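Just so it is clear, the structure is predicted and the values come from calculations on it, not from any experiment. Whatever order the structure lists them in is the order used to number ligands and atoms, beginning at 1.
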Amino acid sequence: MEVATVQSLLSQERVIKPPESFRQQANIRDPGIYDEAAADPAGFWARVAQQMVSWFRPWDKVLEYTPPSPGTQPPWIKWFIGGQLNACYNCVDRHTTTWRRTKAAIIWEGEPGDERVLTYQDLHRDVQKFANILKSFGVRKGDRVTIYMPMVPELAIAVLACARIGAVHSVVFGGFSAEALRDRILDSGSRLLITADGGWRRGNIVPLKRNADDALRECPDVTDVIVFHRGVLDATMVPMKEGRDHWWHRMMEKAPLDCPCEVMDSEDPLFILYTSGTTGKPKGQLHTTGGYLVGVTATHRWIFDIKDEDIYWCTADIGWVTGHSYIVYGPLSNGATVVMYEGAPDFPDRDRWWALIEKYRVNILYTTPTAIRTFMKWGESYPQRHDMSSLRLLGTVGEPINPEAWIWYYETIGGSRCPVVDTWWQTETGSILISPLPGITDLKPGSATRPFPGIFAEVVDEKGNPCPPGVQGYLVLTKPYPSMSRTIWGDPDRYVQTYWSRYPGWYFTGDAAVKDQDGYFWLLGRVDDVMNVSGHRISTMELESVLVEHPWVAEAAVIGRSDDVKGQVPVAFVTLREDAGEGGPKAVDELKQYVVRRIGAIARPADIFFTAELPKTRSGKIMRRLLRDIAEGRVLGDTTTLADPTVVQNLRQVYEERYGEGS
Ligand code: WTA
């Protein structure tokens, strides 16, 4: 981000104090918690772990930690060593011995309007039965299970059933293509897949089973597939492979009711979740049981100020980390009532979310800046149709929120009554690390405010020196915390390389940030080759490697162009092979479709420019900075290192032909 932009961001003087009525009832009212945690971080986390999580056996030692460094091997990070627990027990069983047994755990609504409510007791029954089904297929502790499902309660049930028997789940977002699914199944070494006939999205069918069948053609080790019948297709229309495919409901009819929880060590793996990195290959972040559960339970309880009578709605998909941590594990561990919605925000109309809030009297809403900016664009008439006075707290995650969107959210959705918690974190961090505590933090629109108690972050320059207030640098984490990912599945060297080699001993987040004079953190976006499109991470390299596999494409470079609504959108610069012609609108369509087929709709390029050559340095490195300037219609930066300056001039011309001069 340019210096001028950072300064104008910080010059926003507006400070919003939590309303007195909120302060008085907040779960955390004493700011002393920050000093308490800083004085003895491990001791602080141990107290949290003891108060919030149920252990079968207490730990012997709180923390063993050697910062990962090149040449060293995992385990580098261990929390609550010797402690034993089960995440599913914490999220389900422990509530069934209290009054919460009859409390709603999940209030679900499908896109067509179908409704279901599952109490904790219902969840307990279904999770045990499904866990028994998994066992009947030979799934044991440590085995990986891939889950590719729509947003239905059975997705949460599948996740919790894996946790119950100690199987490591790998949930693949239902919007991913067959090929992306195949890669993740192969990388994780899963032998069992859980999927569904399909799901609903904006009135259309998402063909999950068909994608799964395509993926499985190249996954010889998958011996069994459990298919949940969501009902988007008639059961007789779903091709079921004899011996391999099994209907969920048929198996549930005869599954035994009781299934004890596996006793897990604190550091036993809980799940793998793939996220984009700076290379073409997605990284499987490995999270373990004890630390992760402590992190998500504490952050959910304190940041979302959760109360037993609250109805809480996180709009993420369980296929992303936000859904793992703040639909499933965090809220259920706290015995909360969560709303889960299957479909699109504009189906049947653009007020669907607000209708859901009114209908279920939602108290806490957690969503993304992209969604907020989309609603801003659609206008206030949609939220104004509904009574949203039940809301008392709002949250955002996934990308930097611009102050304007923050204020719109605060005023139009929250009625200027609800604190907004802007929460910064990553798939790697497992739980929220930088965020207000809504009862004590003075809010500044656009800032994620301060690190959570027990979290230590810093903004540093290239050399690792702390940046003074107002000076942009890199965000690093300087101390270990319980929910951090432990390694990359199957590739520990890459874990060290990606996060731990830039600043030895510190975790490098890949984000730029600036601290203001009050010590507030302002997140400024990624500094690596990762785009953030509507809060979803997409690697430029992954897109490039897909594009060059198209028979027409000789070379491709992809950059993220800033976008008012989505934060960033992918833009591709493509050199076609000589026999593929010059590239007109048909080629653009073909390549966009190709990306959708290969990765999924989230990665569809917003724009494709054809060029006889890509701008490169004399040593052959593609100058993405210049491509960004071109894609955003800016004056070109320094071009002196270019091997052939005419290349960008030509590209500039192509841009102007498309968008007009000076746009
Ligand atoms: C970005 C999502 C600014 C950031 C939980 C990070 C944010 C990446 C925020 C992780 C925020 C997430 N403000 N940027 N509040 N939250 N990010 O792994 O660039 O999908 O590195 O995890 O999203 O994305 P991921």
Side-chain angles (χ1 to χ4, degrees), residues 1 6 9 171 173 175-176 271-278 282-285 287 292 295-296 299-300 303 314-327 329-330 366-373 394-403 405-406 409 420-436 441 443-452 455 457 459 472 474-477 483-485 488 498-499 507-514 520-539 560 562 566-568 602-603:
M1 198 175 270
V6 171
L9 194 62
V171 182
F173 170 56
F176 274 120
F271 66 84
I272 300 170
L273 184 58
Y274 287 88
T275 181
S276 286
T278 48
K283 301 182 292 225
Q285 298 295 333
H287 282 283
Y292 173 80
V296 296
T299 50
H300 183 262
I303 294 169
C314 166
T315 66
D317 191 290
I318 293 177
W320 307 108
V321 75
T322 304
H324 280 60
S325 299
Y326 298 107
I327 296 176
Y329 287 110
Y366 189 31
T367 190
T368 63
T370 288
I372 296 164
R373 289 189 293 258
L394 303 172
T396 83
V397 60
E399 39 177 334
I401 181 161
N402 46 313
W406 195 107
Y409 193 34
V420 174
V421 288
D422 171 8
T423 63
W424 178 89
W425 59 297
Q426 309 177 308
T427 306
E428 292 85 340
T429 72
S431 63
I432 298 168
L433 298 195
I434 304 181
S435 163
T441 310
L443 306 169
K444 296 189 189 186
S447 168
T449 76
R450 306 178 58 173
F452 192 79
I455 300 298
V459 176
Q472 170 177 351
Y474 303 106
L475 182 69
V476 296
L477 305 170
S483 69
M484 62 204 292
S485 72
I488 293 175
T498 311
Y499 307 110
Y507 172 92
F508 173 62
T509 62
D511 276 26
V514 57
Y520 276 43
F521 287 72
W522 299 71
L523 280 305
L524 304 172
R526 305 283 310 182
V527 295
D528 51 12
D529 291 330
V530 175
M531 292 170 287
N532 192 327
V533 182
S534 307
H536 303 319
R537 278 160 71 169
I538 299 169
S539 135
S562 349
K566 296 181 169 180
Q568 281 186 309
I602 52 166

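Backbone and side-chain nitrogen or oxygen atoms of Thr423 are examined, and one is located within less than 3.5 angstrom of a nitrogen or oxygen of ligand 1. The shortest N or O to N or O distance between Arg526 and ligand 1 is under 3.5 Å. On a distance-only criterion, Ile401 and ligand 1 share no N/O pair closer than 3.5 Å. Taking only nitrogen or oxygen atoms, main chain and side chain alike, Asp511 reaches within less than 3.5 Å of ligand 1.
Close approach of ligand 1 to Asn532 (heavy-atom distance below 4.0 Å) involves ligand atoms 1 (C), 23 (O). Near Leu523, with a cut-off below 4.0 Å to any heavy atom, the atoms of ligand 1 are 3 (C), 13 (N). Listed by number with element, the atoms of ligand 1 under 4.0 angstrom from any heavy atom of Thr427 are 18 (O), 20 (O), 22 (O), 25 (P). Residue Val397 approaches ligand 1 through these ligand atoms, each under 4.0 Å from one of its heavy atoms: 5 (C).
Using a distance-only test at 3.5 Å, with no hydrogens or angles considered, a donor-acceptor pair links the side chain of Ser325 to the main chain of Gly430. Under the 3.5 Å distance criterion, the side-chain polar atoms of Thr509 are matched with a main-chain donor or acceptor of Leu475. In terms of modelled atom types and a separation under 3.5 Å, the side chain of Glu399 and the main chain of Thr370 share a donor-acceptor contact. Without hydrogens or angle criteria, Ser431 side chain to Ser483 main chain gives no donor-acceptor distance under 3.5 Å.
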* Could you please spell out the steps behind the side-chain contact (heavy atoms from CB on, under 4.5 Å) verdict for Trp425 and Tyr326? => CA-CA 12 Å; Trp425 59 297; Tyr326 298 107; 3.4 Å; yes

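Between Tyr507 and Tyr499, a ring centre-to-centre spacing shorter than 6.0 Å is recorded. Annotation: Phe173 is in aromatic contact with Trp320 [ring centroid separation under 6.0 Å].
Ring pair Phe271/His324 is tilted by interplanar angle, where 30° to 60° counts as tilted.
What sits closest to atom 1 (C) of ligand 1 on the protein, heavy atoms only, is Gly398 O, 3.2 Å. The protein non-hydrogen atom at the shortest distance from atom 13 (N) of ligand 1 is Glu399 O, 3.3 Å. Looking at atom 24 (O) of ligand 1, its nearest protein heavy atom turns out to be Arg537 CD, 3.1 Å. From the protein, the heavy atom lying nearest to atom 2 (C) of ligand 1 is Trp425 O, 3.9 Å.
Distances from ligand 1 to the non-hydrogen atoms of Ala448 include no value under 4.0 Å. The shell of residues lying under 4.0 angstrom from ligand 1, judged by heavy atoms, excludes Trp320.
Judged by distance alone, the side chains of Thr423 and Ser435 never bring a donor and an acceptor atom under 3.5 Å apart. Residues Ser276 and Ser539 have side chains that never bring a donor and an acceptor to within less than 3.5 angstrom of each other.
Of all the listed residues (Leu524, Asp422, Val527, Thr396), Asp422 holds the heavy atom that lies closest to atom 15 (N) of ligand 1.
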